[in-house]
Student: 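Here's a structure for you.
Numbers for residues simply follow the sequence, beginning at 1.
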Amino acid sequence: MKSSEIREKFLKFFESKGHTIVRSSSLVPGNDPTLLLTNSGMVQFKDVFLGQDTRPYTRATTVQRCVRAGGKHNDLENVGYTARHHTFFEMLGNFSFGDYFKRDAINYAWELLTKVYMLPAEKLTVTVYIEDDEAYDIWANEIGVPKERIIRIGDNKGARYASDNFWQMADTGPCGPCTEIFYDHGADIWGGPPGSAEEDGDRFIEIWNLVFMQFNRDEAGVMHKLPKPCVDTGMGMERLAAVLQHVHSNYEIDLFQNLIKAAARETGATDLENKSLRVIADHIRAASFLIVDGIIPGPESHGYVLRRIIRRALRHGHKLGQTKAFFYKLVEDLNIEMGAAYPELAEAKDRVAATLKAEEERFGETLEHGMKILEAQLAKDPKNLDGATAFLLYDTYGFPLDLTADICREREVTLDEAGFAAAMEAQRNNSRKGGKGQMAVGVEYTGEKNKFVGYDQLQHSSKVVALYADGAPVQELKAGQHGIVVLDTTPFYAESGGQVGDKGVIQSATAKFDVADTLKVKADVYGHHGVVASGSLKVGDAVGAEVDQQARGRTIRNHSATHLMHKALREVLGAHVAQKGSLVDPDKARFDFSHNAPLTAEEIAKVEAIVNAEILANAQTQSHNMSFDDAVKHGAMALFGEKYGDEVRVMDIGSSKELCGGVHVHSTGDIGLFKIVSEGGVAAGIRRVEAVTGEGALSLVQSMAKKLNEASAALKTNPDELTAKIVQVQDHVKALEKELAALKSKLASGQGDELVNKAVDIKGVKVLAATLEGADVARLRETMDKLKDKLKTAAIVLASVSDGKVSLIAGVTADATGKVKAGELVNFVAQQVGGKGGGRPDMAQAGGTDAAALPGALAGVAGWVEQRV
């Protein structure tokens with residue numbers, strides 16, 4: 001059974017059991033700071049299990065794309081060396097949100113495995129948590145699994161519920177027992193059943209885990225039964241495919257075999273069992289789908305995980321003898337295997353290939369040099385690699401530590417990771433700068449969600465439902481006290497999607513609360529942060545909530561302009577442009593996007609023209625609530641890193657269509673004027689544009705006009721002729737600089753002629769050490785060349801001083817370099833004047849900071865040379 005058929009049968013089976021098929025979410029968890037990457041099928045339903053989100057269905061089924069290559073779940077070092085470790089894998093799952101529970105979950109699993117996939121029942125062994133008699137009885141008495149193949153797993157981690165068969169989301173919150181299904185690969189493979197001394201063998205392989213969330217663990221560790229228990233299951237598609245295709249290793253399934261053959265084709269490898277081919281086949285999946293989801297290689301966070309994966313694949317290609325770019329060529333092969341199941345891959349394949357190729361070319365330039373450094377060090381000590389060298393490879397050649405560790409593991413070399421960490425910390429300490437950061441204080445809110453009316457209203461009569469001071473709930477906030485106010489209904493927009501929170505005022509009959517910011521306490525609860533300006537505010541007070549109209553107006557103009565700018569950038573630069581972050585506040589619209597080159601002045605002008613044309617059209621903006629799938633059909637763009645439910649809000653702003661929950665202008669003409677202020681790079685492959693709108697744009701234009709007039713007045717010309725006048729002045733300056741350079745050269749030549757007679761003869765070598773007044777480095781070099789020509793066999797040091805800093809150049813004629821090295825000579829002088837230097841045997845350069853010590857240092861040159869000749 002092919003992998004594509006396995007996916008389809010799984011989804012169709014659960015659809016027939018009343019489950020809604022839910023698309024795979026992004027590999028970047030939306031608004032979840034606890035996870036770097038999606039590592040299991042339940043991640044997109046996490047808020048549902050926590051009771052912070054609801055869905056229009058109570059049963060769901062998915063095939064979720066997952067990555068485990070960073071953070072807590074990091075399998076990277078094992079990939080390619082074991083039969084079942086991957087960076088990227090597909091998790092088949094079915095979920096119940098307070099609907100069915102253990103009986104149905106177990107029956108569904110057994111029916112699918114034995115009736116649909118036709119696995120022999122006698123090949124399946126199950127485990128249950130030691131205290132879960134209910135699951136045990138279902139397996140034994142209803143399913144009919146022999147009791148010798150039902151294994152109770154106890155608490156093996158030092159505490160009650162600390163078991164491989166007891167699952168928890170965190171130290172507190174939803175948790176419960178689980179039952180796992182294992183497939184027996186046969187007696188010819190070493191290993192024992194789960195719970196035995198030989199359980200780490202490869203004979204019995206877990207293929208499905210059914211988690212029964214039936215408790216809520218409080219901070220005291222007490223278990224409380226959940227009113228609506230839930231089910232969360234996960235089955236690795238690759239493991240199941242290995243079983244159904246009658247192979248032992250995941251790398252032997254159809255999907256991987258085709259990718260391995262493609263990797264062999266592009267690297268020239270002939271041994272299809274080579275582990276490097278496995279690494280490359282695995283990594284093309286992870287790298288490609290990370291790029292599909294908007295990640296690009298970079299030095300931090302998601303981008304660094306991607307870069308590590310790519311560079312590990314390239315190193316294995318290099319190991320196979322491929323020194324040219326090859327990895328990006330596998331994207332088309334991956335699309336053949338998985339494009340039908342994941343249309344987003346098919347749509348983005350060209351962008352994925354281009355991104356991989358750019359990273360390959362970037363790293364390819366340093367891979368060979370870095371490997372030479374590594375080989376040279378290991379030649380000195382074949383058993384140990386010091387931390388300093390590992391850090392040099394990381395810092396200078398872009399080798400992630402785990403790539404170096406990978407090489408060391410292959411060669412049985414001990415890596416000094418502590419030394420690497422020390423070198424890394426030293427660099428951080430050197431580069432760390434002072435500054436203050438802000439940390440949001442979390443509050444525990446258990447009340448009802450509030451109603452947001454701020455799309456249409458800036459004032460509203462509301463009621464105070466909760467107050468907080470220093471993060472703790474209080475019944476009253478008094479004058480001068482800072483705190484957080486939660487209202488039952490609010491016109492204030494809470495910071496989200498790049499748009500800052502609203503400011504304004506909340507007033508009761510006896511109090512005034514100045515709102516400085518609005519932030520989310522929970523996904524659907526807004527907290528108004530500020531200070532009581534007068535009186536006292538109490539829980540239950542009736543209040544009037546009023547948003548700062550001017551600040552809101554400026555903010556929404558910038559926000560709506562950002563949508564238009566995104567669309568314009570894609571028109572001008574290409575469809576690869578994708579949002580990587582944004583910040584819109586009353587002062588600016590800041591937009592980060594994927595692009596690998598600076599924008600030209602012409603491109604910036606085109607973007608401005610497109611946006612301002614949309615503004616002049618004065619089209620009315622519209623919002624629509626619809627399903628995510630309908631939104632995509634509508635042509636709306638989803639943004640990187642954002643979390644979307646099944647129903648989404650689509651904003652039509654001019655020709656732009658985006659998923660967005662933010663607040664916007666009513667018509668594009670309300671934006672007034674759009675002007676880009678700056679453009680620059682913020683990371684590899686990411687550009688940032690800042691722009692202003694409305695009165696901000698007007699103020700900028702007026703400021704530019706003022707500066708233009710001031711510059712024209714200073715050059716005694718009118719603005720229309722300013723450019724020609726500047727060119728004229730520049731030409732005049734160049735002529736003067738040329739004339740000055742000629743005079744300096746003539747002066748240096750004269751000084752050089754005078755110095756010839758000051759050279760002393762030491763055993764046939766003319767030695768000269770002198771200072772040239774007012775000479776820059778270029779003049780020192782020019783004088784050095786002339787002196788070497790005139791003195792024939794010579795060792796020379798020339799110096800100059802400018803603003804207290806010493807410049808040094810040493811030169812040795814070719815016939816004397818066997819005895820005297822210019823690099824050693826210049827370093828001898830430099831160390832005496834507070835510096836250091838070096839260079840070639842015939843020419844070297846250095847600097848210093850102690851000008852007062854220069855005469856003495858130069859006086860010692862003759863003696864130093866005499867010792868060597």
Side-chain angles (χ1 to χ4, degrees), residues 373 376 380 388 392 396 430 737-869:
I373 296 288
K380 298 176 185 176
L392 173 68
T396 304
N430 289 335
E737 289 176 342
K738 188 175 181 180
E739 183 178 341
L740 178 62
L743 290 172
K744 284 184 175 182
S745 179
K746 185 176 181 180
L747 177 63
S749 179
Q751 287 181 309
D753 291 339
E754 295 174 3
L755 290 174
V756 169
N757 298 324
K758 295 182 179 180
V760 295
D761 189 298
I762 299 178
K763 299 178 182 179
V765 177
K766 297 293 181 64
V767 179
L768 174 65
T771 300
L772 296 187
E773 298 295 338
D776 57 17
V777 173
R779 299 296 160 260
L780 291 178
R781 283 183 173 276
E782 183 180 341
T783 304
M784 175 65 71
D785 290 340
K786 290 180 178 179
L787 287 170
K788 286 168 73 175
D789 286 342
K790 292 181 179 180
L791 294 174
K792 305 305 180 186
T793 301
I796 306 164
V797 178
L798 298 179
S800 68
V801 178
S802 176
D803 297 326
K805 294 182 180 180
V806 178
S807 296
L808 296 167
I809 287 183
V812 179
T813 54
D815 57 347
T817 55
K819 298 177 180 179
V820 180
K821 301 290 190 296
E824 296 174 359
L825 175 56
V826 81
N827 201 40
F828 163 73
V829 179
Q831 287 178 350
Q832 298 179 67
V833 295
K836 60 180 180 179
R840 304 191 312 271
D842 63 328
M843 183 72 78
Q845 186 173 327
T849 56
D850 187 0
L854 180 61
L858 294 177
V861 169
W864 186 90
V865 173
E866 186 174 9
Q867 292 176 5
R868 284 155 180 77
V869 298

Student: What distance do Thr813 atom OG1 and Leu791 atom CG have between them, rounded to the nearest 0.5 Å?
Tutor: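 Thr813 atom OG1 to Leu791 atom CG measures 8.5 Å (nearest 0.5 Å).
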
Student: Could you report the tightest heavy-atom contact between Val756 and Lys790, atom names first, then the distance?
Tutor: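 Distance-wise, the nearest heavy atoms are CG2-CD, 3.9 Å.
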
Student: Any side-chain heavy atom of Lys766 within less than 4.5 Å of one from Thr793?
Tutor: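 Of all side-chain heavy-atom pairs linking Thr793 with Lys766, none is under 4.5 Å.
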
Student: Indicate the atoms forming the closest heavy-atom contact of Ala810 with Ala822, along with that distance.
Tutor: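 Result for this residue pair: CB-O, 3.6 Å.
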
Student: Can you list every salt bridge (Lys or Arg N to Asp or Glu O under 4.0 Å) pair that touches residues 796-815, not counting sequence neighbours?
Tutor: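 Every pair satisfying salt bridge (Lys or Arg N to Asp or Glu O under 4.0 Å) with a residue in residues 796-815: there are none.
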
Student: Counting heavy atoms not belonging to Lys788, are there more than 12 under 6.0 Å from its NZ?
Tutor: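 Enclosed: over 12 neighbouring heavy atoms sit under 6.0 Å from NZ of Lys788.
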
Student: Working to the nearest 0.5 angstrom, can you tell me the gap between Met784 CE and Ile796 CD1?
Tutor: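 Output value for this atom pair is 5.0 Å.
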
Student: Could you list all the ring-ring contact (aromatic ring centres under 6.0 Å, His included) pairs where at least one residue sits in residues 772-792, not counting sequence neighbours?
Tutor: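 Found none.
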
Student: In Å and rounded to the nearest 0.5 Å, what is the OG to CG distance from Ser807 to Leu780?
Tutor: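 The OG atom of Ser807 sits 6.5 Å away from the CG atom of Leu780.
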
Student: What I'd like to find out is whether the side chain of Gln845 reaches to under 4.5 Å of the side chain of Val777, using heavy atoms alone.
Tutor: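 The answer is yes, as the side chains (C-beta and beyond) meet within the 4.5 Å cut-off.
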
Student: Are Leu787 and Leu798 close enough that some pair of their side-chain heavy atoms sits under 4.5 Å apart?
Tutor: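 Answer yes - side chains close enough.
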
Student: If you look at every heavy atom in Ser800 and Thr771, which pair is closest and at what distance?
Tutor: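 Where Ser800 meets Thr771 most closely, the heavy atoms are CA-CG2, 4.4 Å.
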
Student: What's the shortest heavy-atom distance between Ala795 and Val820, and which atoms?
Tutor: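 What the structure gives for the nearest pair is CB-CG1, 4.4 Å.
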
Student: List for me each residue that meets side-chain contact (heavy atoms from CB on, under 4.5 Å) alongside Lys821, sequence neighbours excluded, and say none if there are none.
Tutor: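 Glu824, Pro841.
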
Student: Quick one: pull up CG in Leu825 and OG1 in Thr817 and give me the separation to the nearest 0.5 Å.
Tutor: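 It comes to 12.5 Å.
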
Student: Under the ring-ring contact (aromatic ring centres under 6.0 Å, His included) definition, can you give me all pairs with a residue in residues 772-807, not counting sequence neighbours?
Tutor: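 Passing the test, one end in residues 772-807: no pairs.
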
Student: Under the side-chain contact (heavy atoms from CB on, under 4.5 Å) test, which residues partner Lys758, sequence neighbours left out?
Tutor: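 Expected list: Leu755, Leu768.
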
Student: Give every donor-acceptor pair under 3.5 Å between a side-chain atom in residues 847-869 and any protein atom, sequence neighbours left out.
Tutor:
unit_1 : atom_1 : unit_2 : atom_2 : d
Asp850 : OD1    : Ala852 : N      : 3.4
Arg868 : NH1    : Trp864 : O      : 3.0

Student: Name all residues meeting the side chain to side chain donor-acceptor pair (under 3.5 Å) criterion together with Gln832; count only those two or more places apart in sequence or in a different chain, and write none if there are none.
Tutor: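 Partners of Gln832 by the side chain to side chain donor-acceptor pair (under 3.5 Å) criterion come out as none, since no residue qualifies.
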
Student: Mind checking side-chain contact (heavy atoms from CB on, under 4.5 Å) for Ala830 and listing every partner two or more places apart, or none if nothing turns up?
Tutor: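 For Ala830, the residues satisfying side-chain contact (heavy atoms from CB on, under 4.5 Å) (neighbours in sequence not counted) are Leu808, Ala846.
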
Student: So, using salt bridge (charged side-chain N to carboxylate O under 4.0 Å, His left out) as the criterion, who are the partners of Arg840 when residues are at least two apart?
Tutor: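 Checked Arg840 against salt bridge (charged side-chain N to carboxylate O under 4.0 Å, His left out); matches are Asp842.
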
